[in-house]
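Reviewing the structure listed below.
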Amino acid sequence: GDSVTQMEGPVTLSEEAFLTINCTYTATGYPSLFWYVQYPGEGLQLLLKATKADDKGSNKGFEATYRKETTSFHLEKGSVQVSDSAVYFCALRDSGGYQKVTFGTGTKLQVIP
Amino acid sequence: DTAVSQTPKYLVTQMGNDKSIKCEQNLGHDTMYWYKQDSKKFLKIMFSYNNKELIINETVPNRFSPKSPDKAHLNLHINSLELGDSAVYFCASSHPATYEQYFGPGTRLTVT
């Protein structure tokens with residue numbers, strides 16, 4: 001079945017550091033890929049998405065590129081802020097009929113001033 | 001004008017009790033979900049309904065029973081609560097074309 005593997009956290013960075021959170025996936029078809037962010041005490045919210053190979057999703061300074069050849073969708077940001085501290089989830093939606101989304105285990109990011 | 005709302009936000013109860021969590025979405029989506037998030041933030045899908053019809057039913061104890069009276073509402077009833085049911089439960093709905101998920105604020109269930 002479909003699966004998503006994320007790097008384990010927590011990840012601790014200083015403000016203005018470069019961020020990479022690795023995500024790889026296994027899927028039988030052509031999935032859509034997502035990054036969701038969960039701030040403390042809140043539900044998940046969509047950060048960015050990509051629906052086909054070589055697409056780049058971007059939002060709020062975050063970027064991720066859909067790499068079919070390496071089955072990856074790594075999240076990057078050039079300069080993190082304290083307000084980016086949250087848990088980040090990589091996810092995929094399979095290309096089958098049901099709208100099932102498979103989530104990774106989440107990576108906690110802590111940014112210190 | 002909250003998109004996905006859940007009630008209650010917190011629920012503290014004793015083992016053996018029965019409780020319900022309600023969810024409503026005003027986005028006009030046809031598909032809704034229940035997820036369980038454990039203390040390590042692992043998110044597990046439990047159920048999904050499309051237009052009031054159950055389409056995803058993961059391996060969940062049958063003490064959990066979802067009910068969808070209409071496509072804007074998806075409730076979760078839990079019988080005979082156990083300690084291991086303590087978690088945060090999220091309701092979500094999804095856009096039919098983009099498959100983006102819209103999550104509610106969560107219900108933190110604590111079973112003592």
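Note that the structure is a prediction, hence the values are computed from the model and not measured. Throughout, a chain's letter reflects where its sequence line sits, starting with A, and its residues are numbered from 1.
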task: Salt-bridge test for R63(B) and D85(B): reply yes if a basic N is under 4.0 Å from a carboxylate O, no otherwise.
output: yes
Checking heavy-atom separations under 4.5 Å from chain A, one finds in residues 103-112 of chain B F103(B), G104(B), P105(B)
From the list K41(B), Q6(B), E100(B), the residue making the most non-hydrogen contacts under 4.5 Å with chain A is E100(B)
Under 4.5 Å to a heavy atom of chain A? For K44(B) that would be neither
Salt bridge (charged side-chain N to carboxylate O under 4.0 Å, His left out) between E76(A) and K56(A): does it pass, once the steps are laid out?
CA-CA 11 Å; E76(A) 297 182 335; K56(A) 178 186 281 190; over 6 Å; no
Looking only at L44(A), T102(A), L46(A), T51(A), most heavy-atom pairs under 4.5 Å shared with chain B are made by L44(A)
- prompt: So S20(B) and N75(B), side-chain hydrogen bond (donor to acceptor under 3.5 Å, both in side chains) or not? Walk me through it.
  reply: CA-CA 7 Å; S20(B) 292; N75(B) 304 323; over 6 Å; no
Does a side-chain heavy-atom distance below 4.5 Å link W35(A) with F73(A)?
yes
When rounded to the nearest 0.5 Å, the distance separating OG of S48(B) from OH of Y35(B) is 7.5 Å
### Query
Taking a hydrophobic cluster as the set of Ile, Leu, Val, Met, Phe, Trp and Tyr residues connected by side-chain heavy atoms closer than 4.5 Å, whether directly or through intermediates, do L76(B) and V12(B) fall within one such cluster?
no
Turns out that what part of Q37(B) lies under 4.5 Å from chain A's heavy atoms comes down to side chain
### Query
Do H77(B) and F64(B) have their ring centres less than 6.0 Å from each other?
no
### Query
Does the gap between the ring centers of F103(A) and Y36(A) come in under 6.0 Å?
yes
